[in-house]
Amino acid sequence: MSRVKPTVNFIHAWQHPEEIADEVEAELRFHVQMRTRANIAEGMSPNEAQLAAKQSFGDFDQIKVSCCEIKQGFPFDLKPLRMGLYIAIACLAGGVALVAINLPHHSPFSVLWQLVAIAVLMRSFLAGRRKQ
Amino acid sequence: MGKAKAGLLQGTLDMLILKALFLGPLHGYGIGQRIAQISGDELKIEEGSLYPGLYRLERRGWVESEWDVSENNQRAKFYKLTRAGRKQLIIEEQNWERLASATMKALRAN
């Protein structure tokens, strides 16, 4: 269940990027305002307090960009998905290659097919080893 | 001698954010304040770096957020820990304790 809300947020972030950017900006501005107030309460002048708040916050624009990027990032770990996809493609390619190898080889065309099949099988095997 | 401020180890910020939220929902500024408070002002985090951390935790489903009204009647985004976040905090605390005790053991070895 904990993946439902992040997925909904992810879809929303892709559908309404400007809305997300505005929300992030409002949130970060709230932080700077709160820090400014605290600085004023500690005895700084309003200008000093705002400057100090901005400095202690860091690079506002860069942080905003980072937050928007994270919001639009895929909410799942893609590594297992990529690995599963790779295994599925390798199995499919291997199956096709095995069928091709078992074809009767009476013509140059079928011999070419077999060579392609052997190449595909070897490629799958080598790529699989590299991944490991 | 002045009190030295400890720098944060990589990955520690997430655990501190989870810990701060374990005590109740807070907005981003409040989280920074609470981390400073519960660490006895020993840990000062760069304020802006809190937000990418919070957004990452939300993407993982460990915290969730909603807009509400703050203590000074301003619109603010409040974060709270999810059930998955509570479980993760327990795991992070156990990992941290193991790491800290192993490091201490290594440092005290003759």
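Numbers restart at 1 for each chain; the letters A, B, ... are given by sequence-line order, proteins then strands.
The parts of B:E58 that come within reach of chain A are both its backbone and its side chain, each placing non-hydrogen atoms under 4.5 angstrom from that chain. If you measure heavy-atom distances from A:F57 to chain B, the contacts under 4.5 Å come from both the backbone and the side chain. Heavy atoms of A:V24 lying under 4.5 Å from chain B belong to its backbone as well as its side chain. For B:R75, the part lying under 4.5 angstrom from a heavy atom of chain A is the backbone only. At a 4.5 Å heavy-atom cutoff, the contact between A:S56 and chain B is made by backbone and side-chain atoms alike. Proximity to chain B (any heavy atom under 4.5 Å) is shown, for A:E23, by both the backbone and the side chain. Proximity to chain B (any heavy atom under 4.5 Å) is shown, for A:R35, by both the backbone and the side chain.
Nearest heavy-atom pair, B:R59 versus A:P6, reported as atom, atom and distance to 0.1 Å: O-CB, 3.3 Å. Of all the heavy atoms in A:I63 and B:G48, the pair that sits closest is CD1-CA, 3.4 Å. Considering all non-hydrogen atoms of both residues, A:C67 and B:Y55 come closest at O-CD2, 3.7 Å.
Taking hydrophobic clusters as Ile, Leu, Val, Met, Phe, Trp and Tyr residues chained together by side-chain heavy-atom distances below 4.5 Å, A:L92 does not share a cluster with A:I89. With hydrophobic clusters built from ILVMFWY side chains whose heavy atoms lie under 4.5 angstrom apart, B:L43 shares a cluster with B:W96. In the hydrophobic clustering of ILVMFWY residues, with side-chain heavy atoms under 4.5 Å counting as a link, B:L50 and B:W67 come out apart. Connection of A:V32 to A:L28 is established within a shared hydrophobic cluster, with ILVMFWY side chains joined at heavy-atom distances below 4.5 Å, either directly or through further cluster members. Grouping the Ile, Leu, Val, Met, Phe, Trp and Tyr side chains by contacts below 4.5 angstrom, directly or via other members, places B:L23 with B:L16.
Open room surrounds NZ on A:K54; 12 or fewer heavy atoms of other groups in view lie less than 6.0 Å from it. Other residues, nucleotides and ligands place no more than 12 heavy atoms under 6.0 Å from the CH2 atom of A:W14. Within a 6.0 Å sphere centred on CZ of B:F22, other residues, nucleotides and ligands contribute 12 heavy atoms or fewer.
Contact count versus chain A (heavy atoms, under 4.5 Å) is highest, among B:K77, B:E47, B:Q74, for B:E47.
Considering CD of A:E27 and CG of B:L54, their distance stands at 7.0 Å, rounded to 0.5 Å.
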task: Just do the side chain to side chain contact (heavy atoms under 4.5 Å, CB included) check on A:M34 and B:Q33 with the steps written out, would you?
output: CA-CA 11 Å; A:M34 291 293 282; B:Q33 297 293 101; over 6 Å; no
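B:Y29 and A:H31 have perpendicular rings, their planes meeting at more than 60° on a 0 to 90° scale where under 30° would count as parallel.
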